[in-house]
Enquirer: 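Take this structure, written in structure tokens, and hold onto it; I'll ask about it next.
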Amino acid sequence: MRRREFITLVGGAAAWPLAARAQQPTVPLIGFLHPSAPDAYRPRAFRQGLKDAGLIDGENSAIEYRWADNQLDRLPTLARELVQRPVAVIATAGFPSIFAAKAATTTIPIVFLVGEDPVVRGLVASLARPGGNLTGINFLAVELAAKRLELLLELVPGATRIAVLVNPTNAASTEATLRDVGAVAHAKGLQVQVFNVSTIREIDAAFATLVSERPDALFIANDPFLIDRRVQLAQLAAHHSIPATHQDSLYAEVGGLMSYGANVGDAWRQVGVYTARILKGAKPADLPVVQSTKFELVINASTARMLGLTVPPTLLSVADEVIE
């Protein structure tokens with residue numbers, strides 16, 4: 001073999017791996033945008049939804065995470081970062097994150113998780129036919145506020161003075177929560193005192209007032225910041241002997257008295273399923289918004305005993321989980 005032919009052959013062989021790598025298909029990149037911190041959502045449930053639809057993170061798909069750590073003014077920048085990557089779809093939760101993603105792109109599909117009607121908030125045209133580039137899951141957190149208060153009153157019979165903790169920076173959730181709680185309060189003749197909290201110091205200040213005024217029970221609104229502070233809230237309520245109700249079972253798991261709401265883990269799984277379906281060719285405009293149908297009542301019996309409360313048999317019989 002001539003020297004020139006040998007050099008050409010060796011050079012071509014060296015290029016084969018590069019060419020092969022260039023021809024390998026790239027895995028779809030999923031953008032994930034969240035207003036708070038990683039422990040405020042169920043990553044395993046989301047990834048399980050992807051897996052149920054045939055996508056495995058790190059194998060045939062990849063997830064690019066962006067967390068705002070409750071600094072909501074960062075969300076527009078984080079959303080633009082995902083769009084510039086570019087990602088093939090954005091999964092997100094909470095209206096501040098969703099609106100940030102919506103403002104950043106009109107073409108990349110967005111799968112959302114919300115706690116109230118997305119039609120009312122202008123995200124989709126209708127539940128059955130969303131239109132545009134958004135669809136997702138509504139886990140009905142706000143719609144269940146009245147039912148949650150009624151369950152609290154069943155556990156704390158005779159309660160007439162109810163404190164309500166809301167985050168004023170989450171204006172839509174606050175308005176809806178106060179509306180529904182107010183309706184129950186009016187029907188049952190309850191007195192309601194509202195506390196606005198959006199920082200750790202404001203939570204401490206609110207409880208300082210609660211200790212002096214001694215309400216019969218505490219209603220904590222659904223909000224990402226408040227979920228992030230669930231350990232602080234559960235400990236303060238227990239320490240000051242204030243029976244409290246929460247929307248998410250994460251509270252009851254860390255010592256909160258009781259929670260009632262949709263199975264948020266299942267809702268995140270559904271977000272994963274929809275994300276995978278879109279990556280496989282489905283259009284968000286054609287995927288109906290799913291409304292949660294799995295709801296769970298969780299009672300922390302240990303906390304109830306510490307507060308001197310006897311859980312009625314009627315509640316024990318319908319509770320999905322009793323934590324001892």
Side-chain angles (χ1 to χ4, degrees), residues 30-38 40-43 45-46 49 63-127 129-143 167 169-177 221-228 247-248 262 264 267-275 277-279 282-285 287-292:
I30 300 165
F32 189 95
L33 181 65
H34 200 282
S36 55
Y41 99 111
R42 276 78 166 181
F46 175 65
I63 305 175
E64 185 87 6
Y65 292 97
R66 292 293 185 275
W67 307 96
D69 294 320
N70 289 304
Q71 299 176 47
L72 302 186
D73 57 340
R74 297 180 57 209
L75 287 168
T77 298
L78 297 177
R80 288 193 295 270
E81 287 179 4
L82 291 175
V83 171
Q84 291 166 2
R85 281 285 293 149
V87 297
V89 60
I90 297 175
T92 186
F95 285 106
S97 296
I98 298 166
F99 282 118
K102 186 174 184 289
T105 179
T106 58
T107 56
I108 296 175
I110 297 170
V111 182
F112 56 71
L113 179 64
V114 292
E116 58 183 291
D117 192 342
V119 177
V120 173
R121 296 301 304 276
L123 293 180
V124 296
S126 71
L127 298 180
R129 301 284 294 182
N133 63 320
L134 289 87
T135 189
I137 315 300
N138 177 10
F139 64 98
L140 305 172
V142 171
E143 288 89 338
N167 180 0
T169 66
N170 191 345
S173 176
T174 295
E175 179 183 354
T177 297
N222 175 61
D223 175 76
F225 166 70
L226 296 177
I227 292 176
D228 275 356
Q247 179 271 329
D248 198 304
V264 183
W268 272 117
R269 185 193 63 79
Q270 292 175 312
V271 172
V273 170
Y274 258 23
T275 298
R277 288 182 62 181
I278 288 171
L279 287 174
K283 296 180 179 179
L287 292 175
V289 173
V290 175
Q291 301 209 80
S292 291

Enquirer: According to salt bridge (charged side-chain N to carboxylate O under 4.0 Å, His left out), does anything in residues 93-115 pair up with another residue at least two apart or in another chain? List the pairs.
Expert: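 Matches after skipping sequence neighbours: none remain.
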Enquirer: Mind checking the CG-CZ spacing from L72 to F225? Nearest 0.5 Å is all I need.
Expert: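 Output value for this atom pair is 10.5 Å.
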Enquirer: Please answer whether the main-chain N or O of Q71 pairs with a side-chain N or O of D69 as donor and acceptor at a distance below 3.5 Å.
Expert: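 Judged by distance alone, no pair lies under 3.5 Å.
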Enquirer: Quick one: which residue pairs count as a salt bridge (charged side-chain N to carboxylate O under 4.0 Å, His left out) with a foot in residues 81-91, not counting sequence neighbours?
Expert: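 Pairs touching residues 81-91 that pass the test: E64-R85, R66-E81.
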Enquirer: Would you indicate whether the side-chain heavy atoms of I227 and N222 approach each other to under 4.5 Å?
Expert: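 SC-SC contact between N222 and I227 confirmed.
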Enquirer: Look up atom CG in N170 and atom CD in E175, then write down how far apart they are to the nearest 0.5 Å.
Expert: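 It comes to 11.0 Å.
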Enquirer: Check whether N133 reaches the backbone of I108 with its side chain - one donor and one acceptor, N or O, closer than 3.5 Å.
Expert: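 The answer is yes, because a donor-acceptor pair under 3.5 Å joins these two groups.
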Enquirer: Looking at CG of N167 and CG of D228, how far apart are the two atoms once the value is rounded to the nearest 0.5 Å?
Expert: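 Taking CG in N167 and CG in D228, the distance rounds to 11.0 Å.
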Enquirer: Indicate the ring-plane relationship of W268 and F46, choosing parallel, tilted or perpendicular according to the 30° and 60° boundaries.
Expert: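 Rings of W268 and F46: perpendicular, over 60°.
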Enquirer: State which residues pass salt bridge (Lys or Arg N to Asp or Glu O under 4.0 Å) with R277; sequence neighbours excluded, sorted by chain then number.
Expert: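 Not a single residue meets the salt bridge (Lys or Arg N to Asp or Glu O under 4.0 Å) criterion with R277.
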Enquirer: Do any pairs count as a salt bridge (charged side-chain N to carboxylate O under 4.0 Å, His left out) and have a residue in residues 92-101, sequence neighbours left out, and if so which ones?
Expert: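 Those involving residues 92-101 do not exist here.
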Enquirer: Atom CZ of F112 and atom CD1 of I137: how far apart are they, to the nearest 0.5 Å?
Expert: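 If I round to the nearest 0.5 Å, the distance is 8.0 Å.
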Enquirer: If you take all heavy atoms of P284 and G132, which pair is closest and at what distance?
Expert: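 Taking P284 first and G132 second, the nearest heavy atoms are CG-O, 4.1 Å.
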Enquirer: Are the side chain of T135 and the backbone of L287 linked by a donor-acceptor contact shorter than 3.5 Å?
Expert: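 Yes, because the side chain of T135 sits within donor-acceptor range (under 3.5 Å) of the backbone of L287.
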Enquirer: Identify the two heavy atoms, one from L140 and one from Q291, that lie closest to each other, and give their separation to 0.1 Å.
Expert: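 It is CD2-OE1, 3.3 Å.
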Enquirer: Which pair of non-hydrogen atoms, one from P35 and one from A68, has the smallest distance, and what is that distance?
Expert: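 P35 and A68 have their closest heavy atoms at O-CB, 3.4 Å.
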Enquirer: Without swapping roles, check the side chain of T92 against the backbone of L33 for a donor-acceptor pair under 3.5 Å.
Expert: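 It does hold such a pair.
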Enquirer: Looking only at non-hydrogen atoms, find the nearest pair between G31 and L82 and report the distance.
Expert: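 Of all heavy-atom pairs spanning G31 and L82, the closest is CA-CD2, 4.0 Å.
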Enquirer: Would you name the heavy atoms of A100 and P76 that are closest together and state the gap between them?
Expert: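 So the two residues come closest at CB-N, 3.9 Å.
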Enquirer: Taking all atoms of both residues into account, what is the closest heavy-atom pair of E143 and N138, and its distance?
Expert: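 That closest heavy-atom pairing would be OE2-ND2, 3.7 Å.
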Enquirer: To the nearest 0.5 Å, what is the distance between CG (D223) and OG1 (T174)?
Expert: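 The OG1 atom of T174 is 7.0 Å from CG of D223, to the nearest 0.5 Å.
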Enquirer: Would you please name every residue forming a side chain to side chain contact (heavy atoms under 4.5 Å, CB included) with A88, sequence neighbours left out?
Expert: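 Only L279 meet the side chain to side chain contact (heavy atoms under 4.5 Å, CB included) criterion with A88.
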Enquirer: At what distance, to the nearest 0.5 angstrom, does CG of D248 lie from CZ of F139?
Expert: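 Answer rounded to 0.5 Å: 7.5 Å.
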Enquirer: Only one of V271, I30, L134, I98 passes side chain to side chain contact (heavy atoms under 4.5 Å, CB included) with V111; say which it is.
Expert: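 Among V271, I30, L134, I98, the one meeting side chain to side chain contact (heavy atoms under 4.5 Å, CB included) with V111 is V271.
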Enquirer: Report, one line per pair, each donor and acceptor closer than 3.5 Å where one atom sits in a side chain of residues 116-127; sequence neighbours left out.
Expert:
residue : atom : partner : partner atom : Å
D117    : OD1  : V119    : N            : 2.8
S126    : OG   : R129    : N            : 2.9
S126    : OG   : R129    : O            : 3.1

Enquirer: Does I278 reach the side chain of T275, with side-chain heavy atoms less than 4.5 Å apart?
Expert: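 No, too far: nothing below the 4.5 Å cut-off.
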